[in-house]
Amino acid sequence: MGLIRVLPPEVVSQIAAGEVVERPASVIKELIENSLDAGARNISVRLEEAGKKMIQVCDDGCGMDPDDAVACFQRHATSKIRTPDDLIRIRTLGFRGEALPSIAAVSRMELLTRAHGKDEGVKVIVEGGAVRDVQPAGCPVGTTVTVRNLFFNTPARLKFLRSTGSEMNQILATLIRIPLAFPSVSLVAFQGDRELFRHSATDDLKSVLIPALGRDIAAQMLWVDYYSQPYRVRGFLSPLSVTRPTRSHQWFFVNNRYVRSKALSTALSHAYDGLIREDRHPLAIVYLDLPCDLVDVNVHPAKLEVRFSREQEVQSVLVEAIRSVLVSALTPVASPLQVVTPEPTPSPSRELAQFRALLRARFGRGSEQTSQEAVPPPPRRLATPKPARLTAIAQWSASYILAEGAGGELFIVSQHRAHEKYLYDLMVRKMQDKEVPRQELIVPLHLELGQLQSHFVRCHLSTLKRAGFVLDPFGGSSFLVRSIPTILARLDYEKLVTDLIDEISFGGTATAEDLFGEILATVACRAAIRAGEPLSRAEMQRLLDDLLTVDNPSLCPHGQPVMIAITREELDRRFER
Ligand code: ADP
Ligand code: MG
């Protein structure tokens, strides 16, 4: 008797569901995509407990007749493709016929739908994938899908769901993307009575940027519209003065489908190479249109990834397109506030040559700096117990302090990490009633955030306050920053606060305590002296003295080494003495 058995259908469908339905946000994504494919003009979403308890998506699309309303729960049942050839000319968001059966397999689902031209609708109840009841029902034309108790029959999955706040972050990130691709469809979302998100149909592409980027940044984005047979690149790009510490503000749409694409994000980075700091990222919304046979959308169960048949060509078109706009933005006449629309048929090579010349003229020294960063491999690291004393000898490469220890060892101390560690420790030591000392701003700082960030801030106001940031909601997604941690007071804190919120809101930190630690670490990192800043001997000594007041000076708040020590013996050995 062999050991291999064909799995029973329930197991098969739960395995398959695992690929499509990861969390409430993925259910919402699939249901909204179905509504869009059904030609809906209005879509509304209702949630309870960030979708963990209930998700309802209601649309005014074409609806389904009673047969289809039952058939749609079968695996690989779809109205969108029929033959293998159809797979290479997919114009709809869905085509795999997997979403509804997958969601139904791991929840209690109700489908209420009425087809266009029919007098009556139908209600279908499905539990754990099995159709329990089908009844005629009165309802408007369109479809309402209600998903309750997601993962009720898959406890392992249920355990993986994060806190309500964190699931909500993912949901908002999903909602924000929809109007970027479908501006003419209205989309609203509520949690209980509270409105989470609202987009009213518009044909003004620029206004759809506001939920994603906030009003201020949206107004500064540059428009690109570039055509290079058979590709078309359109979108919005941040001017060089606006960057982010993460790639969280980059959205790519291929033939109007949101995708995560390494190929495209690499090309985007390339286009900004040398123009912005290496550790920063541009903001971008990029729409790439190309013939369907040059892109395979059937490579990922949730259809979030695509494969280009001529990937390098796509990348170079994207780089050209973006550079053409950056070139115009670099020229003195164009202020970053201006929308720059290049001619539809620019000559890429001339454009590129012009761009390189501009780069050289403007950033001649910048490129040298980057090559300097190729630091020689570090000497072998030894365990570094806290030294009793450190005497500054010299600064090396404007980034490291060379110092002598009490026992004559040579210490190499990263000036940035040393300062970072000291500031972190200082904030913790000076805490009063578990709160970091803060300084009130004489003029509160007005912050206009994207929806996702503003949701995050609203959820974590008390943790932010403990860390020194007092923010007051100021209507919509605006906030007034009333105070900041004292150690930031002398810095350019406006940029710092937006960066910080950006970094932490995409970190997905689980507990308030973790988040608190992360905020302190980020603040310390931002406030600390950077690598590349020249220091006087006195400044170096001061920094070393400060560093030795902390408990564990050899590791920075992120757990990386602050200093390394080389003993006399080690050096002698290397000189073969
Ligand atoms: P796919 O979208 O890949 O076809 P789904 O499982 O998501 O697979 O949906 C199965 C079918 O159910 C769709 O092809 C469509 O015919 C129908 N359907 C699903 N949702 C809706 C809706 N909101 N309005 C109209 N028809 C729908
Ligand atoms: Mg679908």
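Just so it is clear, the values below take in all heavy atoms, side chains as well, and ignore hydrogens, waters and symmetry mates. Whatever order the structure lists ligands and atoms in, that order sets their numbers, starting from 1. Heads up: numbering here begins at 1 and tracks the sequence.
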### Summary
Nearest non-hydrogen protein atom to atom 16 (O) of ligand 1, with distance, is S79 OG, 2.5 Å
### Query
If you count the atoms of ligand 1 from 1 in the order shown, which ones are under 4.0 Å from a heavy atom of G94?
2 (O), 3 (O)
### Message
Any atom of ligand 1 sitting under 4.0 Å from a heavy atom of A40?
### Response
no
### Query
Salt-bridged, R23 to E167, with N to O below 4.0 Å?
yes
### Message
Using only atom types and a distance under 3.5 Å, with no angle test, would you say the side chain of R234 pairs donor to acceptor with the backbone of D225?
### Response
no
### Summary
protein heavy-atom neighbour closest to atom 12 (O) of ligand 1 works out as C72 CB, 3.4 Å
### Message
With 2.8 Å as the threshold, which protein atoms of type N, O or S lie near the Mg ion (ligand 2)? Leave waters out.
### Response
N34 OD1
### Query
Hey, does A38 come in under 3.5 Å of ligand 1, counting only N/O atoms on both sides?
no
### Query
Of all the atoms in ligand 1, which lie at a distance below 4.0 Å from a heavy atom belonging to P101?
6 (O)
### Task
Give a yes or no answer on whether the side chain of Q220 reaches the backbone of P239 with a donor-acceptor pair at less than 3.5 Å.
no
### Message
If we check side chain to side chain contact (heavy atoms under 4.5 Å, CB included) with T144, which of these qualifies: Q56, K123, E110?
### Response
Q56
#### Entry: Residue and atom name of the nearest protein heavy atom (relative to atom 22 (C) of ligand 1), distance in Å to one decimal
T143 OG1, 3.7 Å
### Message
Between the side chains of D499 and R280, is the shortest nitrogen-to-carboxylate-oxygen separation below 4.0 Å, so that they form an ion pair?
### Response
yes
### Query
If you measure from the Lys or Arg side-chain nitrogens to the Asp or Glu carboxylate oxygens, is any gap between D86 and K80 under 4.0 Å?
no
#### Entry: Ion pair R277/D279, N-O distance below 4.0 Å
yes
### Message
Check this for me - ligand 1, A99, N or O atoms closer than 3.5 angstrom, yes or no?
### Response
yes
### Which of the ligand 1 atoms, numbered from 1, are nearer than 4.0 Å to a heavy atom of F95
1 (P), 3 (O)
### Query
To the nearest 0.1 Å, how far is atom 8 (O) of ligand 1 from its closest protein heavy atom, and which atom is that?
G97 CA, 3.2 Å
### Task
Compute the shortest N/O to N/O distance between L100 and ligand 1 and return yes if it is under 3.5 Å, no if not.
yes
## Note on the structure
shortest atom 13 (C) of ligand 1-to-protein heavy-atom contact is with K80 CE, 3.7 Å
### Note: E313-R310 ion pair, threshold 4.0 Å (strictly below)
yes
### Task
Could you find the nearest protein heavy atom to atom 21 (C) of ligand 1 and give me its residue, atom name and distance?
M64 CE, 3.7 Å
### Query
At a 4.0 Å threshold, what atoms of ligand 1 neighbour a non-hydrogen atom of A77?
10 (C)
#### Entry: Residue and atom name of the nearest protein heavy atom (relative to atom 4 (O) of ligand 1), distance in Å to one decimal
T78 OG1, 2.5 Å
### Message
For R257, is there an ion pair with E305 - N to carboxylate O distance below 4.0 angstrom?
### Response
no
### Message
Considering non-hydrogen atoms of the protein only, which is the closest contact for atom 23 (N) of ligand 1, and what is the distance?
### Response
D59 OD2, 2.9 Å
### Query
Where on L31 is there a heavy atom closer than 4.0 Å to ligand 1, on the side chain, on the backbone, on both, or on neither?
neither
### Expected output: side-chain N149 to main-chain R108 donor-acceptor under 3.5 Å
no
### Any donor-acceptor N or O pair under 3.5 Å, side chains N298, R307
no
## Note on the structure
Quick look: R96 vs ligand 1, heavy-atom contacts under 4.0 Å, and the answer is backbone
### Task
Give a yes or no on this: more than 12 heavy atoms of other residues, nucleotides or ligands lie within 6.0 Å of atom CZ of R75.
yes
## Note on the structure
The ring pair (Phe, Tyr, Trp, His ring centres under 6.0 Å) partners of F479 (sequence neighbours excluded) come to none
### Query
Does some side-chain heavy atom of L36 sit less than 4.5 Å from a side-chain heavy atom of I43?
yes
### Message
Side chains of N34 and K29 only: does a donor on one sit below 3.5 Å from an acceptor on the other?
### Response
no
### Message
Between ligand 1 and E30, can you find any atom pair, the residue atom being a heavy atom, that is separated by under 4.0 Å?
### Response
no
### Summary
When T154, V147, I103 are each screened for side chain to side chain contact (heavy atoms under 4.5 Å, CB included) with V21, the one that passes is I103
### Query
Under 4.0 angstrom from ligand 1, any heavy atom of D37?
no
